[in-house]
Amino acid sequence: MADAFDEECDYLFKAVLIGDSGVGKSNLLSRFAKDEFRFDSKPTIGVEFAYRNIKIADKLIKAQIWDTAGQERFRAITSSYYRGALGALLVYDITRRSSFENARKWMVELREFGGKDMVVILVGNKCDLEQTREVEEEEAKGFAEREGLCFMETSALKNLNVDQVFLQMITRIHDSTSHKSLDVKADQEKQITLSDAKEIHIDAANEVTATKQTSYYYCCST
Ligand SMILES: Nc1nc2c(ncn2[C@@H]2O[C@H](COP(=O)(O)OP(=O)(O)OP(=O)(O)O)[C@@H](O)[C@H]2O)c(=O)[nH]1
């Protein structure tokens with residue numbers, strides 16, 4: 001594996017993508033990391049991850065985002081996948097109601113394997129497909145509020161709210177960990193050891209500066 005942690009980074013934050021197969025997790029990640037979208041993407045097998053550097057309040061954060069298969073049979077070992085993750089995007093497809101209903105199931109897994117202070121954002125992807133929408137935004141907001149999650153709708157295809165959703169998660173992780181000294185950096189360095197992880201992108205120059213968001217709720221503006 002190539003250099004997983006640059007000395008010049010102040011923090012390395014691990015976050016995970018979860019949600020049913022086909023909701024667009026891999027495309028959200030490739031849009032965020034490489035500004036790429038694939039119409040013909042294959043189901044993920046095992047684990048992939050990507051990095052992007054983000055500057056928040058003069059600190060350089062390396063965001064390491066992990067992606068695994070929504071399909072049970074292709075998934076990596078669940079406990080390894082969540083280990084050390086500080087944030088999660090729980091993704092559903094706004095045109096597939098079952099993927100929203102399964103968010104409850106994903107929350108159960110998150111609570112079992114994720115840390116109790118994880119920053120979790122509920123993400124309604126494919127909001128470019130308004131004509132075939134099966135999950136209203138208000139309903140998803142209500143669920144997010146009850147579960148104590150942030151919520152956003154995105155489109156990996158149209159590149160709507162993709163940077164925003166990742167930056168929101170990373171900023172909130174930063175805000176919740178910055179008072180805890182640099183132990184986070186040391187702890188995180190130990191996490192990048194899962195042998196079956198496949199690195200899909202490293203680009204130290206691919207750096208972005210996060211600006212503070214005041215609202216947790218975003219909808220698509222197509
Ligand atoms: N219209 C539309 N299609 C999308 C969007 N995001 C992803 N897709 C399509 O949805 C399909 C599945 O996308 P993936 O990113 O592979 O989904 P996934 O959640 O990673 O799937 P698994 O790896 O099986 O868990 C692909 O055909 C994508 O082109 C989006 O925002 N809008």
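Position 1 is the first residue of the sequence, and the numbers go up from there. In each ligand, atom 1 is the first atom listed, and ligand 1 is the first ligand listed. Remember, it's a predicted structure, so these values are computed and weren't measured experimentally.
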Shortest non-hydrogen contact from Leu110 toward Ala88: CD2-CB, 4.1 Å
Part of Val91 within contact of ligand 1 (heavy atoms, under 4.0 Å): neither
Between CZ on residue Phe151 and CD on residue Gln168, distance to nearest 0.5 Å: 13.0 Å
Closest non-hydrogen atom pair between Thr44 and Ser26, with its separation: OG1-OG, 2.8 Å
Closest protein heavy atom to atom 27 (O) of ligand 1, given as residue, atom name and distance to 0.1 Å: Phe39 O, 3.0 Å
Ligand 1 contact on Arg38 by region, counting heavy-atom pairs under 4.0 Å: backbone
Shortest non-hydrogen contact from Ala85 toward Val16: CB-CG1, 3.9 Å
Aromatic ring pairing Phe100/Phe143, orientation class (parallel under 30°, perpendicular over 60°, tilted between): perpendicular
Which atom of Glu134 lies closest to which atom of Arg97, heavy atoms considered: OE1-N, 2.8 Å
Geometric N/O contact Asp67 with ligand 1, under 3.5 angstrom: no
Within-shell test, Asp20 vs ligand 1, heavy atom, strictly < 4.0 Å: yes
Close N or O approach (Thr154, ligand 1; < 3.5 Å): no
Carboxylate-amine/guanidinium proximity below 4.0 Å for Lys126 and Asp93: yes
Ring-face cation of Arg52 near Phe32 (centre distance under 6.0 Å, axis angle within 45°): yes
Modelled atom types, side-chain donor and acceptor of Asn161 and Ser155, under 3.5 Å: no
Nitrogen or oxygen atoms of Lys25 and ligand 1 under 3.5 Å apart: yes
Per-atom contacts, ligand 1 versus Ala156 - under 4.0 Å to a heavy atom: 6 (N), 30 (C), 31 (O)
N/O separation below 3.5 Å, Gly24 to ligand 1: yes
Interfacing atoms of ligand 1 (cut-off 4.0 Å, heavy-atom, Pro43): 23 (O), 24 (O)
Nearest non-hydrogen protein atom, atom 10 (O) of ligand 1: Lys126 NZ, 3.0 Å
Side chain, backbone, both or neither: the part of Leu129 lying under 4.0 Å from ligand 1 by heavy atom: side chain
Shortest protein contact, atom 6 (N) of ligand 1 (heavy atom only): Asn125 ND2, 3.2 Å
Per-atom contacts of ligand 1 with Ser41, taking only distances under 4.0 Å to non-hydrogen atoms: 13 (O), 14 (P), 15 (O), 16 (O), 26 (C), 28 (C)
Contact check: Ser26 vs ligand 1, nitrogen or oxygen atoms, below 3.5 angstrom: yes
Polar contact flag for Gly22 and ligand 1 (N/O pairs, less than 3.5 Å): yes
Atom 24 (O) of ligand 1: the protein heavy-atom neighbour that sits closest, reported with distance to 0.1 Å: Ser21 OG, 2.6 Å
Ligand-residue contact atoms, ligand 1 with Asp128, heavy atoms, under 4.0 Å: 1 (N), 2 (C), 30 (C), 31 (O), 32 (N)
Option passing side chain to side chain contact (heavy atoms under 4.5 Å, CB included) with Met152 (candidates Glu137, Met169, Gln164): Gln164
Asp58 atom CG, neighbour heavy-atom count above 12 within 6.0 Å: no
Minimum heavy-atom distance Tyr82-Glu109, with the two atoms named: OH-OE2, 2.7 Å
Which segment of Ala69 sits under 4.0 Å of ligand 1 when only heavy atoms are counted: backbone
